[in-house]
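I have placed the structure first, in the form of structure tokens, so that the comments after it can refer back to it.
Throughout, protein chains are lettered first and strands after them, A, B, ... in sequence-line order, and every chain is numbered starting at 1. What you see below is based on every heavy atom in this structure, not just the backbone, and it leaves out hydrogens, waters and symmetry mates.
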Number of protein chains: 2
Amino acid sequence: MATGRQRPLDLKEACVRAAREVIAERGIEALSMRDVARKLGISHQAPYRHFEGRDHLLAEIMRRCFADFAEHLDRRMSFDDPTGGREDMGSAYLAYAERKPLEYRLMFGTPWPEPAQHPELVKYAVHAFDILRNSQRAKYGDRPAQYARADLDALFIWSALHGLASIMQANVMQHLVLAPEVIPRLKADLMGKIDAALAAAPQAAKKPRQSGRKPATR
Amino acid sequence: MATGRQRPLDLKEACVRAAREVIAERGIEALSMRDVARKLGISHQAPYRHFEGRDHLLAEIMRRCFADFAEHLDRRMSFDDPTGGREDMGSAYLAYAERKPLEYRLMFGTPWPEPAQHPELVKYAVHAFDILRNSQRAKYGDRPAQYARADLDALFIWSALHGLASIMQANVMQHLVLAPEVIPRLKADLMGKIDAALAAAPQAAKKPRQSGRKPATR
DNA sequence: GATAGATGTTGACGCTGTCAACAGGAGGTC
DNA sequence: GACCTCCTGTTGACAGCGTCAACATCTATC
């Protein structure tokens with residue numbers, strides 16, 4: 001059942017894999033260093049040779065999640081997608097949150113370990129946001145004078161998407177007694193509203209000329 | 001420094017207060033039953049006479065937060081506010097998240113204990129959402145045929161507000177290098193976009209006639 | 001006054017993260 | 001070859017945690 005019982009060559013890599021398995025099985029909160037060690041059949045102290053502590057192991061996993069998430073968004077949005085099926089950023093974002101709820105919760109729903117101690121984690125997280133931001137900058141022609149507007153748009157899109165993603169994973173959602181056709185329409189409705197909000201000129205600003213969208217600059 | 005050292009008359013109440021102090025001082029994750037007991041100068045088992053376990057103590061605190069939150073929204077939105085300063089729901093929501101970040105994180109950013117075991121918690125959480133939902137139902141005249149649309153609108157508003165609130169509390173926010181005027185404009189911009197999205201007819205639906213908004217039905 | 005229930009205390013268990021000391025193997029240097 | 005050092009992994013300890021079980025005490029009721 002486990003990934004493999006023979007003594008792993010690269011213990012650090014094996015720790016990350018085992019930790020992700022524990023998280024998948026019993027949740028993020030239940031992850032313990034001793035669990036990881038047990039799962040690998042090594043002593044309870046061995047993982048500490050590769051990670052300073054539980055936080056550092058968790059930070060490494062989060063970093064990989066952000067890298068995976070960014071790659072997912074990049075792949076789904078780029079015009080040169082070999083599959084040809086270019087997807088809207090919003091769909092791609094929500095699809096990821098839906099297909100990998102644990103990873104999503106780990107990135108956005110778990111208190112971070114001290115960021116100053118984990119610069120790599122910050123770097124990859126910012127990079128994921130930059131995919132969204134750059135797509136908005138491209139829309140306005142990537143002129144620095146429009147950076148504030150692009151940032152505001154990007155943060156709005158992120159807010160709506162992240163809000164929906166985290167709400168749909170929240171426990172309270174199952175108890176709201178929503179009208180029956182609401183759930184299936186939820187994602188499309190939200191993305192329609194995002195588009196409507198962005199189409200409306202923000203404040204005394206002309207509607208940005210925008211015929212065909214440009215690809216994200218990455 | 002502590003709330004009071006004399007033996008409290010109502011230990012259950014004192015436990016809740018002490019727990020909130022611990023959370024305020026060292027964070028939600030650091031809360032332990034033994035901390036609460038120590039803080040009150042009682043034995044480590046005494047709190048268990050009033051709460052089945054850590055989860056139940058946490059659930060009680062969360063329940064109170066939801067009650068407090070709902071009351072905050074009600075007060076800020078009702079026309080009969082004695083202060084006369086009626087506030088928009090969005091502002092009220094974001095103001096709460098900003099002024100009580102710990103409570104907000106506790107409600108929306110912390111994994112819930114098994115909901116089936118804490119029906120009161122669920123009830124109060126749903127009630128908070130109903131304030132938002134009812135305000136949308138009122139906008140459409142509270143006709144059941146429009147309940148789905150009201151639900152969709154309410155979930156959109158909640159998504160955007162919750163998304164922004166949780167993003168602004170997230171660690172990554174400080175590392176995004178935003179244009180300088182973005183942060184101060186963030187809240188107003190988002191609420192403007194919410195309004196714009198709701199004003200735009202969703203799909204083949206006339207713009208709802210809506211001159212003066214009705215108060216929330218509660 | 002006896003009795004039963006509620007409330008608080010004490011002590012133990014296994015779990016956790018983490019520190020310190022130790023063991024062995026790889027590789028370099030004399 | 002002998003020696004030394006670093007890297008990796010092991011063993012054993014410690015305090016803190018949640019929780020169970022047994023005991024003490026206080027209070028109210030018959």
If we ignore hydrogens and angles and just use 3.5 Å, is the side chain of [X] paired with the main-chain N or O of [Y] as donor and acceptor?
{"X": "A:W158", "Y": "A:D153", "result": "no"}
{"X": "A:E98", "Y": "A:M168", "result": "no"}
{"X": "B:R133", "Y": "A:L176", "result": "yes"}

Under 4.0 angstrom between B:R49 side-chain N/O and D:dT19 OP1 or OP2: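 Answer is no, no contact under 4.0 Å.
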Determine: side-chain N/O of A:S43 to OP1/OP2 of D:dG9, distance under 4.0 Å, yes or no.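 Negative; the distance criterion is not met.
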Using heavy atoms to find the nearest nucleotide of DNA chain D for A:A46 and B:H44 separately, return the residue whose nucleotide is more 5′.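 Result: A:A46.
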[X] [atom1] to [N] [atom2]: how many Å, rounded?
{"X": "A:F51", "N": "C:dT18", "atom1": "CZ", "atom2": "C1'", "answer": "17 Å"}
{"X": "B:Y48", "N": "C:dT10", "atom1": "OH", "atom2": "C1'", "answer": "15 Å"}
{"X": "A:M33", "N": "D:dG9", "atom1": "CE", "atom2": "C1'", "answer": "14 Å"}
{"X": "B:R34", "N": "C:dT9", "atom1": "CZ", "atom2": "P", "answer": "13 Å"}
{"X": "A:L11", "N": "D:dC7", "atom1": "CG", "atom2": "C1'", "answer": "13 Å"}
{"X": "B:R38", "N": "D:dC17", "atom1": "CZ", "atom2": "C1'", "answer": "9 Å"}
{"X": "A:Q45", "N": "C:dG17", "atom1": "CD", "atom2": "C1'", "answer": "9 Å"}
{"X": "A:H56", "N": "C:dT18", "atom1": "NE2", "atom2": "P", "answer": "10 Å"}

Counting side-chain heavy atoms from C-beta on, which of [options] comes nearest to [X]?
{"X": "A:D35", "options": "D:dC23, C:dT16, D:dG18", "answer": "C:dT16"}
{"X": "A:R54", "options": "C:dG17, D:dC23, D:dT19", "answer": "C:dG17"}
{"X": "B:I42", "options": "C:dA20, D:dT19, C:dT9", "answer": "C:dT9"}

Show, in sequence, the C-alpha distance, side-chain angles and deciding distance for B:H118 and B:Y124, and conclude whether the side chain to side chain donor-acceptor pair (under 3.5 Å) test is met. CA-CA 11 Å; B:H118 309 279; B:Y124 278 79; over 6 Å; no
Can you confirm if the aromatic rings of B:F66 and B:F108 lie within a centre distance of less than 6.0 Å?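 They qualify: ring centres under 6.0 Å apart.
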